[in-house]
Amino acid sequence: MAPTDGPGPQDGGLTTGEVARRLGVAPTTVRSWDRRYGLGPRVRSRGRHRRWTAADLARLERMCALTTTGLPPSEAARLAREQAAPDTRQARAGHPGVRSGPRPGDVRQECRGLARAAVRLDPGALDELLATVIAERGLVAAWTEVIMPTLQAVGRKWDAADERYTEVEHFLSWHVVGALRRSAPPAPSAPSGRPAAPTLLACVPGENHTLPLEVLAAALVERGMPIRMFGAALPAEALTEAVRRTGPAAVGLWAQSRTTASAPLARHIAAVEWGVRGSRRRPVVLTLGPGWAGETVPGLPHPSGLAEALTALRPVVGASG
């Protein structure tokens with residue numbers, strides 16, 4: 001779905017929930033701005049339901065831009081009413097002298113809403129928006145189509161701003177991790193008899209970027225596949241011991257940087273054996289992340305993304321139980 005600056009589906013106006021997602025605020029905030037500051041829609045449908053037009057949305061976007069600069073909400077609302085922009089694009093740019101904060105560029109409206117909530121450091125709105133997009137799209141689509149593009153877009157913006165918004169990027173990442181963990185069902189207890197072999201997930205030594213592994217872990221749990229997550233910078237000795245103790249069907253090794261990816265380590269883990277003599281087993285090792293692009297390991301799968309990793313793991317984990 002391509003982002004639009006128009007009022008909404010079939011030009012009938014946006015609902016309050018749709019407006020909230022575009023702005024990156026909670027629906028209760030939008031209703032509060034209507035009641036307290038007179039920033040409601042000019043026209044209401046039958047039954048007094050709010051239906052927001054492009055002009056209504058422009059005023060609210062100006063309100064968000066002004067509050068981001070530190071203005072009190074009442075003053076921001078007054079300026080938003082007095083200086084309503086003639087179209088949404090002008091409102092989004094903000095008035096001269098007011099910094100409206102970084103925007104994620106040409107991405108869908110959900111991305112813009114997430115970025116705006118992150119810029120304001122608004123935990124309630126961010127958690128609600130993340131929960132909504134995961135519930136509506138499913139975890140894989142939410143990550144691939146909305147969350148990852150938002151993180152990439154705001155990351156580019158932060159880089160261009162000389163790291164002025166580093167706290168926003170960390171804030172957004174932390175809330176994404178929380179949303180992923182809340183969205184996944186509880187891990188099931190091991191069934192009686194022989195339990196299914198898990199997938200072991202870990203960052204290679206020296207690697208601290210755990211968010212992509214959190215996504216894969218949540219997606220595997222969502223599909224009923226057992227995991228063992230070890231997180232950031234697991235030492236090589238500890239990784240080897242974890243493989244021997246858990247007997248995983250597969251091991252996912254994440255490397256964000258080429259400086260941390262290690263082909264010798266990947267080959268070593270792929271050669272680790274366990275089990276009784278005569279029926280020894282080894283794990284399937286997946287090299288995950290952009291760091292492995294310059295460190296190819298023949299014979300070891302290197303999925304290019306989340307969907308590809310799930311596809312690679314499904315027959316391995318399914319056959320192991």
Side-chain angles (χ1 to χ4, degrees), residues 20-21 24 26 104 107-155 158 166-189 198-204 207-234 248 250-256 286 288-291 303-314 317:
R21 285 193 289 273
V107 292
R108 62 179 67 249
Q109 296 291 354
E110 292 95 329
C111 298
R112 292 174 182 162
L114 286 176
R116 287 166 178 152
V119 168
R120 293 195 311 276
L121 305 181
D122 185 337
L126 197 53
D127 285 344
E128 185 169 342
L129 289 165
L130 288 166
T132 298
V133 73
I134 291 172
E136 289 182 351
R137 297 179 180 276
L139 195 151
V140 174
W143 170 255
T144 304
E145 299 173 8
V146 181
I147 299 173
M148 183 172 63
T150 301
L151 287 163
Q152 292 173 338
V154 297
W158 304 169
T166 302
E167 75 283 2
V168 178
E169 189 173 10
H170 282 245
F171 182 78
L172 175 57
S173 297
W174 190 86
H175 279 271
V176 168
V177 171
L180 293 170
R181 293 181 179 179
R182 288 190 295 272
S183 71
S189 300
T199 296
L200 188 153
L201 301 174
C203 291
V204 297
E207 182 58 70
N208 293 303
H209 291 78
T210 61
L211 180 54
L213 276 189
E214 293 276 3
V215 181
L216 179 56
L220 289 170
V221 172
E222 184 181 56
R223 286 156 177 74
M225 300 181 187
I227 66 164
R228 299 293 185 272
M229 168 64 103
F230 290 87
L234 186 64
V251 176
L253 297 178
W254 181 268
Q256 183 76 18
L286 281 68
L288 306 172
S304 59
L306 174 60
E308 292 78 8
L310 291 171
T311 299
L313 285 169
R314 189 175 296 115
V317 177

Asker: Drop me the distance from Leu180's CG to Leu213's CG, to the nearest 0.5 angstrom.
Answerer: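 Reported to 0.5 Å precision, the distance equals 11.5 Å.
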
Asker: Search all heavy atoms of Thr210 against all heavy atoms of Gly231 and return the closest pair with its distance.
Answerer: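 So the minimum-distance heavy-atom pair works out to CG2-C, 3.9 Å.
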
Asker: Any chance you could measure Leu129, atom CG, to His175, atom NE2, to the nearest 0.5 Å?
Answerer: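 Interatomic distance, Leu129 CG to His175 NE2, rounded to 0.5 Å: 11.5 Å.
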
Asker: Show your working on side chain to side chain contact (heavy atoms under 4.5 Å, CB included) between Asp127 and Arg182 and close with a plain yes or no.
Answerer: CA-CA 10 Å; Asp127 285 344; Arg182 288 190 295 272; 3.4 Å; yes

Asker: Please test Glu136 against Arg21 for side chain to side chain contact (heavy atoms under 4.5 Å, CB included), starting from the C-alpha separation and ending with a verdict.
Answerer: CA-CA 12 Å; Glu136 289 182 351; Arg21 285 193 289 273; 3.8 Å; yes

Asker: For residues Pro290 and Gln256, report the shortest heavy-atom separation together with the two atoms involved.
Answerer: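 Between these two residues, the closest heavy atoms are CG-O, 3.4 Å.
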
Asker: Is any side-chain heavy atom of Cys111 less than 4.5 Å from a side-chain heavy atom of Val146?
Answerer: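 In contact.
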
Asker: State, to 0.1 Å, how close Cys203 and His209 come at their nearest heavy-atom pair, and which atoms those are.
Answerer: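 Looks like SG-O, 3.4 Å.
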
Asker: Check Leu126 against Ala118 and note the closest heavy-atom contact, atom names and distance.
Answerer: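 Smallest interatomic distance, heavy atoms only, reads CD1-N, 4.3 Å.
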
Asker: Would you call Pro303 and Leu286 a side-chain contact if the rule is heavy atoms closer than 4.5 Å?
Answerer: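 Pro303 reaches Leu286 side chain to side chain.
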
Asker: Could you tell me the separation between the CG atom of Leu313 and the CD1 atom of Ile227, rounded to the nearest 0.5 Å?
Answerer: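 So the CG of Leu313 and the CD1 of Ile227 are separated by 11.0 Å.
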
Asker: Report the distance from atom CD of Glu214 to atom CE of Met229, rounding to the nearest 0.5 Å.
Answerer: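 Glu214 CD to Met229 CE: 4.5 Å, rounded to 0.5 Å.
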
Asker: Indicate the atoms forming the closest heavy-atom contact of Trp143 with Pro149, along with that distance.
Answerer: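 Taking Trp143 first and Pro149 second, the nearest heavy atoms are O-CD, 3.7 Å.
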
Asker: Kindly determine whether Leu201 and Leu220 satisfy side chain to side chain contact (heavy atoms under 4.5 Å, CB included), including the steps that lead there.
Answerer: CA-CA 11 Å; Leu201 301 174; Leu220 289 170; 4.3 Å; yes

Asker: Just verifying a value: how many Å separate Leu211 CG and Trp254 CH2, rounded to the nearest 0.5 Å?
Answerer: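 Rounded to the nearest 0.5 Å, the CG-CH2 separation comes out at 9.0 Å.
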
Asker: So do Val140 and Val215 actually touch side chain to side chain, heavy atoms under 4.5 Å?
Answerer: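 Val215 vs Val140: side chains apart.
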
Asker: Testing the basics here: between Ala142 and Arg137, what is the closest heavy-atom pair and its distance to 0.1 Å?
Answerer: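 Where Ala142 meets Arg137 most closely, the heavy atoms are N-CB, 4.0 Å.
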
Asker: Say you draw a straight line from CZ of Arg116 to CG of Asp122; how long is it, rounded to the nearest 0.5 Å?
Answerer: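 Answer for the CZ-CG pair, Arg116 versus Asp122, is 13.5 Å.
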
Asker: Does Gly305 offer a backbone N or O that forms a donor-acceptor pair with the side chain of Glu308 under 3.5 Å?
Answerer: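 Checked: pair present.
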
